[in-house]
Amino acid sequence: PGAAAMSVTRSDSDWQGLLSEYLVCKRKLESKKEALLILSKELDTCQQERDQYKLMANQLRERHQSLKKKYRELIDGDPSIPPEKRKQANLVQLLSDSRDRNHHLGEEIKELQQRLGEVQGDNKPSTRESQKTVVLLSRRS
């Protein structure tokens, strides 16, 4: 009887240990859920700001293009400007346009790389969870 009572006591203490470990894990999970919510809100704010800055950049780019077009029309329409100066202005304009286009494409590349990184990052947790599930299922078999 003494040995049986001792094993029951041991089981009770094991159960108490598991229960306290469960409660600690539950508190940690709640804490992480709150942190995730905060980070999610910050991400939303950052994304909204990014979108606003992109909109402003596009508006500035359009305004710049409009001003360049007006400038071109003024130069091309002014007969007092010698042809050599017009040609020079055209070359300067072509160079400027090329630089603008190159810059725009560079920004587009950065944005696409960022999206790719985000998508790859989104897939990593799914892959890890899938691997964990496979390991857990294989242990049960």
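Heads up: numbering here begins at 1 and tracks the sequence.
With rounding to the nearest 0.5 angstrom, the CD atom of Glu118 is 9.5 Å from the CG atom of Leu116. Within the model, atoms NE2 of His64 and CG of Leu67 stand 7.5 Å from one another, a figure rounded to the nearest 0.5 Å. A distance of 9.5 Å separates CG in Leu95 from CG in Asp100, rounded to the nearest 0.5 Å. Separation of atoms CG (Leu39) and CG (Asp44) is listed at 11.0 Å; rounding is to 0.5 Å. Distance check: Leu60 CG to Tyr53 OH gives 12.5 Å after rounding to the nearest 0.5 Å. For the atom pair NZ of Lys69 and OG of Ser66, the computed distance is 7.5 Å after rounding to the nearest 0.5 Å.
A salt bridge between Lys33 and Glu30 is present, with a side-chain N of the basic residue lying under 4.0 Å from a carboxylate O of the acidic one. Of the charged side-chain nitrogens involved, at least one lies within less than 4.0 Å of a carboxylate oxygen, so that Asp97 and Lys68 count as a salt-bridged pair.
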Item to complete: Evaluate the side chain to side chain contact (heavy atoms under 4.5 Å, CB included) criterion for residues Arg101 and Leu105: first the C-alpha distance (whole Å), next the side-chain angles of each, then the deciding distance (0.1 Å), finally the verdict.
Response: CA-CA 6 Å; Arg101 182 73 179 138; Leu105 289 172; 3.7 Å; yes

Discussion item. Checking Arg115 against Glu111 for the side chain to side chain contact (heavy atoms under 4.5 Å, CB included) test, could you report, in this order, the C-alpha distance in whole Å, the side-chain angles of both residues, the deciding distance, and whether it holds?
Written reply: CA-CA 6 Å; Arg115 283 187 195 168; Glu111 184 178 332; 2.7 Å; yes

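Checked against salt bridge (Lys or Arg N to Asp or Glu O under 4.0 Å), Glu107 has the following partners two or more places apart in sequence or in another chain: Lys110.
Residue-environment remark: CD (Glu21) stays at or below the threshold of 12 foreign heavy atoms within 6.0 Å.
Counted by atom type alone, Asn102 and Arg99 present zero donor-acceptor pairs between their side chains at under 3.5 Å.
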